[in-house]
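Side-chain atoms are counted along with the backbone in the values below, which use heavy atoms only and exclude waters and symmetry mates.
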Amino acid sequence: QVQLVESGGGFVQPGGSLRLSCTISGSTLEYHAIGWFRQAPGKEREGLSCINSSDGSTDYADSVKSRFTISRDTAKASVYLQMNSLKPEDTAKYYCAADPDLYCSGTWRATDFRSWGQGTQVTVSS
């Protein structure tokens, strides 16, 4: 079973940047898609970006497409989310998730992913 551990969250001022990491262990190679999500208090979990392990293709939510970049380092079994121009409304707990059967293209949701990390908190405030 795959395990995912997020890191890199923290406190940042508006306009700042953070890079989140998702380190994967277990049956890594069989997992097809890795996604990043976030959830703010009282809100639904929101899909941000997804990367397909088979071909490295990526997909983004429109709300973050111009500011966030997903990438991977297969040697380190890690997926990253570079977040730039952060805003207070980006404050949330950020999660990575994995699924062996999903190919991210177009609509994908939290319920499409089987395995989840514990999350890392991002707080954007002056």
Could you give me the CA-CA distance, side-chain angles and deciding distance for Cys50 and Trp36, then say whether side chain to side chain contact (heavy atoms under 4.5 Å, CB included) is met?
CA-CA 6 Å; Cys50 185; Trp36 280 101; over 6 Å; no
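- At a threshold of 4.5 Å between non-hydrogen side-chain atoms, the residues Cys22 and Leu4 count as touching.
- Counting Ile, Leu, Val, Met, Phe, Trp and Tyr side chains that sit under 4.5 Å apart, directly or through other members, Leu102 shares a hydrophobic cluster with Phe37, Tyr95, Trp108, Phe113, Trp116.
- How far CD1 of Ile51 is from SG of Cys104: 9.5 Å, rounded to the nearest 0.5 Å.
- Taken to the nearest 0.5 Å, the CZ atom of Arg72 stands 6.0 Å off from the OG atom of Ser53.
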Report the C-alpha distance between Arg38 and Tyr94 in whole Å, list the side-chain angles of each, state the deciding distance to 0.1 Å, and finish with yes or no for side chain to side chain donor-acceptor pair (under 3.5 Å).
CA-CA 4 Å; Arg38 68 185 177 190; Tyr94 285 67; 3.0 Å; yes
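- Pairing each heavy atom of Ala40 with each of Thr91, the nearest pair is CB-O, 3.8 Å.
- Using modelled atom types, no side-chain atom of Asn52 and backbone atom of Ala33 make a donor-acceptor pair closer than 3.5 Å.
- Between Phe68 and Asp90, some side-chain heavy-atom pair lies under the 4.5 Å cut-off.
- Val124 and Leu18 end up in the same hydrophobic cluster when Ile, Leu, Val, Met, Phe, Trp and Tyr side chains are linked at under 4.5 Å.
- Residues Arg67 and Leu86 approach most closely at NH1-CA, 3.9 Å, considering heavy atoms.
- One side chain, Asn84 or Ser17, offers a donor N or O that lies under 3.5 Å from an acceptor on the other.
- For the atom pair CG of Leu48 and CG of Asp59, the computed distance is 11.5 Å after rounding to the nearest 0.5 Å.
- Going from atom CE of Met83 over to atom OG of Ser49 covers 11.5 Å, rounded to the nearest 0.5 Å.
- For the residue pair Glu6/Thr23, the side-chain donor-acceptor check at 3.5 Å is not satisfied.
- Using a 4.5 Å cut-off on side-chain heavy atoms (C-beta onward), Ile24 and Val2 make contact.
- Atoms CG and OH, on Leu81 and Tyr60 in that order, are 7.5 Å from each other to the nearest 0.5 Å.
- Counting non-hydrogen atoms of other residues, nucleotides and ligands closer than 6.0 Å to CD of Gln118 gives a total of 12 or fewer.
- Using a 4.5 Å heavy-atom cutoff, the side chains of Leu20 and Val122 are in contact.
- For Glu44, the CD atom is loosely surrounded, since the number of other residues' heavy atoms within 6.0 Å does not exceed 12.
- Under the 3.5 Å distance criterion, the side-chain polar atoms of Ser78 are left unmatched by any main-chain donor or acceptor of Ser21.
- We find the CD-CD distance between Glu46 and Gln39 to be 10.5 Å, quoted to the nearest 0.5 Å.
- Across all non-hydrogen atoms, the minimal contact from Ser57 to Tyr103 is OG-OH, 3.0 Å.
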